[in-house]
Number of protein chains: 2
Amino acid sequence: MTEILSDTHESEERPLRRPEAPASTTLHGELVAALRDYIVEGSLADGARVPERLLCERFGISRTPLREALKVLAAEGLIELLPNRGARVRVFSAEDLHELFDVMGGLEALAGRLACERIGDAEVAEIERVHHEMYRHYLRRDLHGYFQCNQEIHGMIVAAAGNATLRATYDSLAGRIRRVRYAANLDKQRDRWGEAMREHEAILDALRRRAGSELSDVLFQHLRNKRKAALRQAEPAEIPE
Amino acid sequence: MTEILSDTHESEERPLRRPEAPASTTLHGELVAALRDYIVEGSLADGARVPERLLCERFGISRTPLREALKVLAAEGLIELLPNRGARVRVFSAEDLHELFDVMGGLEALAGRLACERIGDAEVAEIERVHHEMYRHYLRRDLHGYFQCNQEIHGMIVAAAGNATLRATYDSLAGRIRRVRYAANLDKQRDRWGEAMREHEAILDALRRRAGSELSDVLFQHLRNKRKAALRQAEPAEIPE
DNA sequence: AAAGCAAAAAATGAATGCAAAATCTCACCC
DNA sequence: GGGTGAGATTTTGCATTCATTTTTTGCTTT
């Protein structure tokens, strides 16, 4: 075994212990989060083997907690576990992404419906504020800023639904496409930009009127169009690093 | 260990590349399924500790794969993992169930919408068949038969959506309420029965017309009413075994 | 006698060890 | 020269072991 640089000189040091957050002090839990980020952010190639030993050294832990984390990530759908053949970064086919976008659309449609039932004027105003900020980015052709506001608005709608189960489900699925989203959305979508902006107007309009069912429809269609734009060019292209 | 026949001197057996069959070699995977059933079917009380050692003996395995399975089940939301305090069967509060029903409603709404896009007449006819069977159960006041048909119809709609990601998400969440559903739905819901039957008529009607958006609304409302009926009496009652 | 504290016992979390399977290497045979 | 197969190496899956942490139990003190 190669020597690992382990600075365990001061044996009485608190190991990652935070007096503020005793619930999240699960080494395993943090490991899952760390690994998830590691994979989502593309540190491993599509379909690549997940090297247990390497990651053990990378994170300074033994195989047991790592394998537990891999099981969880497999349950989340980020990796695949092949019997006796190790873990691989899951490759999302065009069909997978197709499905994923639809489910995200369904969840956002639900979020919009629920949000209309309980959202207050202040929250609507807050979303409007971000919407207008997004519009300014649109006018300036600042795609990055636009996209960030866009994400924020959708996140705010999900948050306004006030449903933690929905939030968790949404986040879990969002994690799967984040890998793709990095590369997919920032280039060729300029022609759809105006259309998306109009759709966002409709979203806000339905939200203002608390028209839940209508907002549900608009959001689902919005995601559909987003999917069309995203998958049109995600298919042939490879993810650049 | 047991003796293995390793006399491959002359019999040139093909190494059986990938006959597509032996995917069940995952002891761990089967363990997850077994444990999930074990918990879902109520073999452990609400909020009870999940006794590691006992289950190890129960399934004849060591703690390592069991703990991996527990991590997965925790990710699925069936149990809770408290740091240094073991696993507990997750207790679903009224609020949790409230949320869960809404998300299920959103997913069914999505399923209905997608189903309308791709379902064929034959499949609609098949759903109609089960619907009429359900109606016969309704006329006979056969609550059990009715409920089974009911479940089947909802399952068929999800299947007709043709979206594996949706199916997996739906099943995962359904697993959480199955524990509750066992006890919650079979008794006091008789007063809602007629209403539910009418809603199912509307569901089928919208499906026949392939009115996706409308079916989406009807399904969500249907789940909402189901929730109201289920939670009205699930709150005070305890789960009988 | 009840409350509090300390030590034992049990359980949890992680590391290591070990057998089986898969992968790789390379000499061998056609 | 190319395919083949036996052995070596790596990797995977699970069991066992070890160090903490929690919980229980019994004893002491007021």
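Between the P atom of C:dA22 and the CG atom of A:Leu81 lies a distance of 15 Å, rounded to the nearest Å. Atom pair A:Ile79:CD1 and D:dT12:P shows a separation of 11 Å (rounding to whole Å applied). Distance A:Glu57 CD to C:dT16 P: 12 Å, rounded to the nearest Å. The nearest whole Å value for the distance from the CG atom in B:Leu55 to the P atom in C:dA11 is 13 Å. For B:Asn84 and D:dT21, the CG to P distance is 7 Å, given to the nearest whole Å. Atoms CG (B:Leu31) and P (D:dG13) sit 14 Å apart, rounded to a whole Å. Protein atom CZ of A:Phe59 is 18 Å distant from nucleotide atom C1' of C:dA15, rounded to whole Å.
In this structure a side-chain-to-backbone donor-acceptor pair under 3.5 Å is missing from A:Arg113 to A:Ala161.
Here the side chains of B:Asp102 and B:Glu99 are not in contact, with every heavy-atom distance at 4.5 Å or above. Looking at A:Glu108 and A:Tyr170, their side chains come closer than 4.5 Å, going by heavy atoms from C-beta outward. Annotation: side chain of A:His154 is in contact with side chain of A:Lys226 (closest heavy-atom distance under 4.5 Å). Residues A:Lys71 and B:Lys71 fail the side-chain proximity criterion, which asks for heavy atoms closer than 4.5 Å.
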Check: protein-nucleotides 16-19 of chain D nitrogen or oxygen pairs below 3.5 Å:
{"residue": "D:dT16", "atom": "O4", "partner": "B:Thr64", "partner atom": "OG1", "Å": "3.2"}

N/O-N/O pairs, protein side and nucleotides 7-11 of chain D side, under 3.5 Å:
none

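The cationic atom of A:Arg176 (NZ for Lys, CZ for Arg) does not lie both less than 6.0 Å from the six-membered ring centre of A:Phe92 and within 45° of the ring axis.
Nearest heavy-atom pair, A:Leu100 versus A:Leu173, reported as atom, atom and distance to 0.1 Å: CD1-CD2, 3.9 Å. Residues A:Gly105 and A:Phe220 come closest through the heavy atom pair C-CD1, 3.7 Å. Closest heavy-atom contact between B:His222 and B:Ala196: CE1-O, 4.2 Å.
Within 6.0 Å of CZ on B:Arg224 lie more than 12 heavy atoms contributed by other residues, nucleotides or ligands.
The CG atom of A:Leu114 lies 11.5 Å from the CD1 atom of A:Ile119; values are rounded to the nearest 0.5 Å.
Toward the 5′ end of DNA chain C lies the nearest nucleotide of A:Ile61, the other residue of the pair A:Arg88 and A:Ile61 mapping further downstream.
Listed by residue number, there are no residues of residues 67-77 of chain B with a heavy-atom contact under 4.0 Å to DNA chain D.
Across all strands shown, B:Leu66 has no heavy atoms under 4.0 Å from either base or sugar-phosphate atoms.
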